[in-house]
Visitor: 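Here it is: the structure, laid out below.
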Number of protein chains: 4
Amino acid sequence: MAIGKGRIEAFSDGVIAIIITIMVLEMKVPHGDTLASLKPLIPVFLSYVLSFIYVGIYWNNHHHLMQAVRSVNGATLWANLHLLFWLSLIPFVTGWMGENHFTQWPVICYGVVLIMNGIAYNLLARILIRHHGEHSVLAEAYGSDWKGRSSIIIYAVAIGLSWYSAMVAFALYVIVAGMWFIPDKRIENKLSNDNS
Amino acid sequence: MAIGKGRIEAFSDGVIAIIITIMVLEMKVPHGDTLASLKPLIPVFLSYVLSFIYVGIYWNNHHHLMQAVRSVNGATLWANLHLLFWLSLIPFVTGWMGENHFTQWPVICYGVVLIMNGIAYNLLARILIRHHGEHSVLAEAYGSDWKGRSSIIIYAVAIGLSWYSAMVAFALYVIVAGMWFIPDKRIENKLSNDNS
Amino acid sequence: MAIGKGRIEAFSDGVIAIIITIMVLEMKVPHGDTLASLKPLIPVFLSYVLSFIYVGIYWNNHHHLMQAVRSVNGATLWANLHLLFWLSLIPFVTGWMGENHFTQWPVICYGVVLIMNGIAYNLLARILIRHHGEHSVLAEAYGSDWKGRSSIIIYAVAIGLSWYSAMVAFALYVIVAGMWFIPDKRIENKLSNDNS
Amino acid sequence: MAIGKGRIEAFSDGVIAIIITIMVLEMKVPHGDTLASLKPLIPVFLSYVLSFIYVGIYWNNHHHLMQAVRSVNGATLWANLHLLFWLSLIPFVTGWMGENHFTQWPVICYGVVLIMNGIAYNLLARILIRHHGEHSVLAEAYGSDWKGRSSIIIYAVAIGLSWYSAMVAFALYVIVAGMWFIPDKRIENKLSNDNS
């Protein structure tokens, strides 16, 4: 039943590397050669920076999660592809949000994609925990996942507030990114304790 | 004669990761910022979801097939590249089918590419089996490949029915994808039996 | 002095995987949905098939060459990047040749890029042989490289003949590809003899 | 605390491979089929060559740096992503500089991105050294990093001189690239001494 985790890591690395890189293609080279010709690109650039950080967070957390994984099964492969699917939509909503200078509907769609990514990551973690057992290193390290849960709640709040102000919603996305900036110490600590 | 399978896996992972990701580039960022401006993208999105699942299926099955492989030879390298070639045409037919809202010829071409992928995968499996011997774990695990054979037949039926209704053909592609959603238990089970 | 060859392989696999895949992006999705709307894409498709085979040949040969490599040095890294540079120009000349239906200058440029790739591959092999010694497995396996030498000569002849007929030049590129279709048995055989 | 370096290498290889390859997409296939129709692409091509070499230098140095690394921590992952972020902007400034034939502001922006890359690489090296200890192989091998420091100074001088002549600034970028062409012998030598 147990199959190696090497290729799932390699494939995920490949897909995430492409996602994080093709986003930059949304920043179209301007026709003018003055500093002013870069100005319309500022919202696209800010949008790119936020998404780069988000995709970076997912890569970091995926990296930490897979550290504690001993083997994968068929369900894991699909749960992982499901996460990659929602990550693959980030370049699209990033471009749409940047080109429209953070107006309501693009900001809402960005939030919806973030929520779906959060759910997909949580689903992947749960499937891995079920496969490894409730008392595995993975399960203990993953813990109650308060950070994942509260992120999804904040995204939902942000979407609700977007009817009031899309900028407030965007600010909340930035705050959640800041909250995740610190990688998942839980698994890292758990692993180093076990090894010591 | 026997050479390592590591690089063939790494290269295939790279190509499949790119194929599955660049398809999203067909979903062009719309100019408006209303929810309505996303509406024309719905068929492109549905087309993308189906192809994402199909490429995911091929990656999963390729992953399972290579699990049971002990070594590769020159013929395998070309059979694998042949499969990657037909996979590389999926983004093109996906975009064509999505942008034309599932009309006849794009749906037919999509089916032809699916058939060619099915044949290419079957060819790769046969070459690997010939290399490993008819009584190898690989050969026994691969078995009669009724799922692969019936998929090709259903694609052909779908193409035939597209003269009657392109939507029926499209529905058949969705059904085959659902049929493959469950990864190849044959090899997985065979491997776990051998290891126990 | 000796450093691992793992990362040079992984990086080359990544670059070659991207090159072989982004070429398909030159086949722009047509606006019409009839079979006739695919017709203008036929030369682009033929051009893509030829280049897919050429990049596949380089990947196969690179794979075989690196099999016999024990370690790499700084010069190797640059010789490898030099090869990747010329490979990276293949999508450009492929698109140019396909869109112009195999007229003279695009066909010449395609030939020039093929020659530069041939030279770059030969250079990489020579630097690796100098690093491993003239009596290494690598040196004996690589041999006189008559196939590489004659390919370059045929490309040059093709370029010369393009003033007479671009189609003859193109036919010669197809013939060379066919000649390389069989992977480099020399190294494969040498390695299997040594292991037996 | 210590986690494997394998995936950070694989992910970086993926991102750098994509960056170095998508730059070629800025060289749009011309509509004409004469040699003259390639002429407007010459500055874009020169710009591409320079950036290919720069990204190649970063990959080589990253490769050498990671050779001496024993383990990575959370801070390393982010320092590495930070470097990849600035590398990901190279295709954009390359395209802008090439399409505008090396005029002032594009040349300045190119220099700014080079400076940020230099700083990001230096930051990554420092974080790795702090993690491994001041007397580690890595620390001794990295040394005073005079080449990194002087590169950043030369970039800054180039930006200042661009008010006088953008071509002089561009020439300085070429000189720095030439200076780095030789890979980081420091770590390579240090490692080979330790192994002997």
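The shown structure was predicted, so the numbers you read here are calculated from the model rather than taken from an experiment. Only heavy atoms go into these numbers, but all of them, side chains included; no hydrogens, no water, no symmetry mates.
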Visitor: Roughly how far apart are A:E26 CD and B:L25 CG, rounded to 0.5 Å?
Guide: 8.0 Å
Visitor: Might you point out which heavy atoms bring B:H63 and A:R7 nearest each other, and give the distance in Å?
Guide: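 Closest heavy-atom pair between B:H63 and A:R7: CA-NH1, 3.3 Å.
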Visitor: If every non-hydrogen atom of B:P30 is compared with every non-hydrogen atom of A:N100, which pair is closest and at what distance?
Guide: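 Result for this residue pair: O-ND2, 4.4 Å.
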Visitor: Any chance you could measure B:F45, atom CZ, to A:F92, atom CZ, to the nearest 0.5 Å?
Guide: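 So the CZ of B:F45 and the CZ of A:F92 are separated by 9.0 Å.
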Visitor: Tell me which of these, B:V29, B:V49, B:I22, has more heavy-atom pairs under 4.5 Å with chain A than the rest.
Guide: B:V29
Visitor: Less than 4.5 Å apart, side chain to side chain, heavy atoms only: is that true for A:W105 and B:D33?
Guide: no
Visitor: Are A:L81 and B:I20 side-chain neighbours, meaning at least one heavy-atom pair lies under 4.5 Å?
Guide: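 Side chain of A:L81 against side chain of B:I20, heavy atoms only: contact under 4.5 Å found.
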Visitor: Using non-hydrogen atoms only, which part of B:M66 is less than 4.5 Å away from chain A: side chain, backbone, both, or neither?
Guide: side chain
Visitor: Applying side chain to side chain contact (heavy atoms under 4.5 Å, CB included) to A:I108 and B:L35, what does each step give before you reach the verdict?
Guide: CA-CA 10 Å; A:I108 289 173; B:L35 200 56; over 6 Å; no
Visitor: So for A:Q104, is it side chain, backbone, both, or neither that comes closer than 4.5 Å to the heavy atoms of chain B?
Guide: neither
Visitor: Testing the basics here: between B:D13 and A:A10, what is the closest heavy-atom pair and its distance to 0.1 Å?
Guide: OD2-CB, 3.8 Å
Visitor: To the nearest 0.5 Å, tell me how far B:I57 CD1 sits from A:L77 CG.
Guide: 12.5 Å
Visitor: I need the minimum non-hydrogen distance between A:W96 and B:T34, along with the two atoms involved.
Guide: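 Closest heavy-atom pair between A:W96 and B:T34: CZ2-O, 3.5 Å.
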Visitor: Could you tell me which non-hydrogen atom of A:S88 sits nearest to which non-hydrogen atom of B:F52, and how far apart they are?
Guide: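 Closest approach of A:S88 to B:F52: OG-CE1, 4.2 Å.
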Visitor: Give the minimum heavy-atom separation between B:A17 and A:G14, together with the two atoms involved.
Guide: CB-C, 3.9 Å
Visitor: Using heavy-atom distances under 4.5 Å, tell me whether B:I19 contacts chain A through its side chain, its backbone, both, or neither.
Guide: neither
Visitor: Quickly, which of B:F11, B:Y58, B:W59 forms a ring pair (Phe, Tyr, Trp, His ring centres under 6.0 Å) with A:F11? Name it, please.
Guide: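 Result: among B:F11, B:Y58, B:W59, B:W59 is the only option passing the ring pair (Phe, Tyr, Trp, His ring centres under 6.0 Å) with A:F11.
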